[in-house]
> 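Please read through the structure below; I'll follow up with questions.
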Amino acid sequence: MIKLTNISKRYGEGDAAVHAVRNIDLEVATGQIMGVIGESGAGKSTLIRCVNMLERPTEGSVIVDGQDLTQLSNGELPSARRNIGMIFQHFNLLASRTVFANVALPLELAGMDKAAIKQRVNELLDLVGLSHRASAYPKELSGGQKQRVAIARALAPKPKVLLCDEATSALDPQTTQSILGLLKDINRTLGLTILLITHEMHVVKSICDRVAIINNGELVEQGDVAWFFANARTELARRFISSTINLDIPEEYQQRLSAEPLTGALPLVRLGFTGETVDTPLISILSRDLGVDVTILSADIEYAGGVKFGFMLAELDGQPTQTQAAQAYLQDHKIQVELLGYVRRHD
Ligand SMILES: Nc1ncnc2c1ncn2[C@@H]1O[C@H](COP(=O)(O)OP(=O)(O)OP(=O)(O)O)[C@@H](O)[C@H]1O
């Protein structure tokens, strides 16, 4: 649905030039939710604004629904943009218009007749749960409600793609979750393709199917969300991931941890669950069939991108041959096993 090929965007010329985006290739399939994550200044806003030509890329092509937008003149862009809705961090509602009139605006501009506008706006307000606030003004709404109005307005021309520019960054955690839930619902019910940018990994984890990381204007890594959480290669990606997962080894265990398998010390392992992990009642099997007791120190197992993934820190208690067999069993079931060391028993 969206295909960016070799996109670069440079602001300014010569020594003062800023290369905000460099040689990015990115594809978002129809019906998918793709998240682009990066730190401040990485080039996220520039990239997403290139998708609807709010910024014209210096190089590369932007194909949305089969149409190369870089080939269109400024006069041809408005009609192509009807296929592409956009929402923003600060909502960008018109303060002088009611909720109803804000949502109606793109339909008025498209020349739709009044009765049809009324019907469509009412449908949209129903979809975003704001029918009861149709005659309110933006200043009378909460942040979450304002973003719902912005979503309804973006959906009014029935776009095939929705671009979300840090759409939840100005909202508190609970409101963020409700807006993300709404976006996911819309994605499912309308089959809408969504490209979002964010600096928060939990946004990606909550609703995205795929994720791409950008740094210094370049695409660093991309993949399915579940795969990514367990397999990310770069330090930056790991940093984003660990911002959502707390799997530190408790202090008390750190002190008793050694790299060598001292007599009587028990292996401490970090288990990684990915989209490929075979669903298995692993703790019962390790203890019943392999004679290994498992003590879970901490675990963060989540459901994202349609699969379970996450990590677990666990101590394996048994004879060395048994704990080795247990690790082999886990690996056979596509659980990643990282041996962190051996924990001495209390003196
Ligand atoms: N209109 C502009 N003129 C000149 N430089 C710009 C312009 N817009 C962005 N930049 C520069 O391009 C780089 C990327 O900015 P961009 O806003 O795309 O990053 P971002 O990842 O969205 O950051 P943030 O999360 O802080 O908004 C930055 O160095 C920024 O200063």
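Whatever order the structure lists them in is the order used to number ligands and atoms, beginning at 1. Just so we're clear, the structure is a prediction, and the values are computed from it rather than from any experiment.
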> What atoms of ligand 1 come closer than 4.0 angstrom to any heavy atom of Val18?
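The atoms of ligand 1 under 4.0 Å from a heavy atom of Val18 are 11 (C), 12 (O), 29 (O).
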
> For atom 26 (O) of ligand 1, find the nearest protein heavy atom and state the residue, atom name and distance (0.1 Å precision).
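Minimum-distance protein heavy atom for atom 26 (O) of ligand 1 reads Ser40 OG, 2.6 Å.
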
> Check Pro57 against Lys9 and note the closest heavy-atom contact, atom names and distance.
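Residues Pro57 and Lys9, closest heavy atoms: CA-CD, 4.2 Å.
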
> Protein heavy-atom contact under 4.0 Å for atom 19 (O) of ligand 1?
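Under the 4.0 Å cut-off, atom 19 (O) of ligand 1 does have protein heavy-atom neighbours.
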
> Does atom NZ of Lys184 have more than 12 heavy-atom neighbours, drawn from other residues, nucleotides or ligands, at distances under 6.0 Å?
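Correct, the count exceeds 12.
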
> Please state which protein non-hydrogen atom is closest to atom 25 (O) of ligand 1 and give its distance, to 0.1 Å?
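So the nearest neighbour among protein heavy atoms is Lys44 NZ, 2.9 Å.
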
> As an exercise, identify every atom of ligand 1 less than 4.0 angstrom from a heavy atom of Gly43.
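By the 4.0 Å cutoff, the relevant atoms are 14 (C), 16 (P), 18 (O), 19 (O), 20 (P), 21 (O).
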
> Please confirm whether Arg270 makes a cation-pi placement over Phe311, using NZ or CZ under 6.0 Å from the six-membered ring centre and within 45° of the ring normal.
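Yes - Arg270 lies over the ring of Phe311, closer than 6.0 Å to its centre and within 45° of its axis.
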
> Considering both backbone and side-chain atoms of Ser45, is one of its nitrogen or oxygen atoms within less than 3.5 Å of a nitrogen or oxygen in ligand 1?
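So ligand 1 has an N or O lying under 3.5 Å from an N or O of Ser45.
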
> Among all protein non-hydrogen atoms, which one is nearest to atom 16 (P) of ligand 1, and what is the separation to 0.1 Å?
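Heavy-atom neighbour on the protein nearest atom 16 (P) of ligand 1: Thr46 OG1, 3.7 Å.
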
> Any protein heavy atom lying closer than 4.0 Å to atom 9 (C) of ligand 1?
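Under 4.0 Å from atom 9 (C) of ligand 1, at least one protein heavy atom found.
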
> Check Arg153 against Leu93 and note the closest heavy-atom contact, atom names and distance.
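Answer, listing the atom of Arg153 first, then Leu93: NH1-CA, 3.9 Å.
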
> Would Arg344 and Tyr342 count as a cation-pi pair here, with the cationic atom under 6.0 angstrom from the ring centre and within 45° of the axis?
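Arg344 over Tyr342 ring: no.
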
> Quick one: CD on Glu315 to CG on Leu257, what's the gap to the nearest 0.5 Å?
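Reported value, rounded in 0.5 Å steps: 10.0 Å.
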
> In the protein, what heavy atom is nearest to atom 1 (N) of ligand 1, and what distance, to one decimal place, separates them?
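Here the nearest protein heavy atom works out to Tyr11 CE2, 3.6 Å.
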
> Which of the atoms in ligand 1, numbered in the order shown and given with their element, are less than 4.0 Å from a heavy-atom of Ala42?
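Within the 4.0 Å cut-off of Ala42, ligand 1 contributes 19 (O), 20 (P), 21 (O).
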
> When you check the gap from the basic side-chain N to the acidic O, do Lys205 and Glu200 get nearer than 4.0 Å?
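So Lys205 does not pair with Glu200 through a salt bridge.
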
> What closest approach, in Å, do Gly38 and His199 show between heavy atoms, and which atom pair accounts for it?
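Scanning both residues, the minimum pair turns out to be O-CB, 3.5 Å.
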
> Could you tell me whether Glu76 atom CD has more than 12 heavy atoms of other residues or ligands within 6.0 Å of it?
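Yes, CD of Glu76 has more than 12 neighbouring heavy atoms, counting only those of other groups under 6.0 Å.
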
> I'd like to know if Gly41 contacts ligand 1, where contact means a heavy-atom distance under 4.0 Å to any ligand atom.
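Checking ligand 1 against Gly41, which is what was asked, there is a heavy-atom contact under 4.0 Å.
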
> Could you tell me whether ligand 1 has any atom less than 4.0 Å away from a heavy atom of Glu39?
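The answer is yes: ligand 1 sits under 4.0 Å from a heavy atom of Glu39.
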
> When you measure from atom 12 (O) of ligand 1 to every protein heavy atom, which one gives the shortest distance, and what is it?
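Checked against all protein heavy atoms, atom 12 (O) of ligand 1 sits closest to Ala20 CB, 3.3 Å.
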
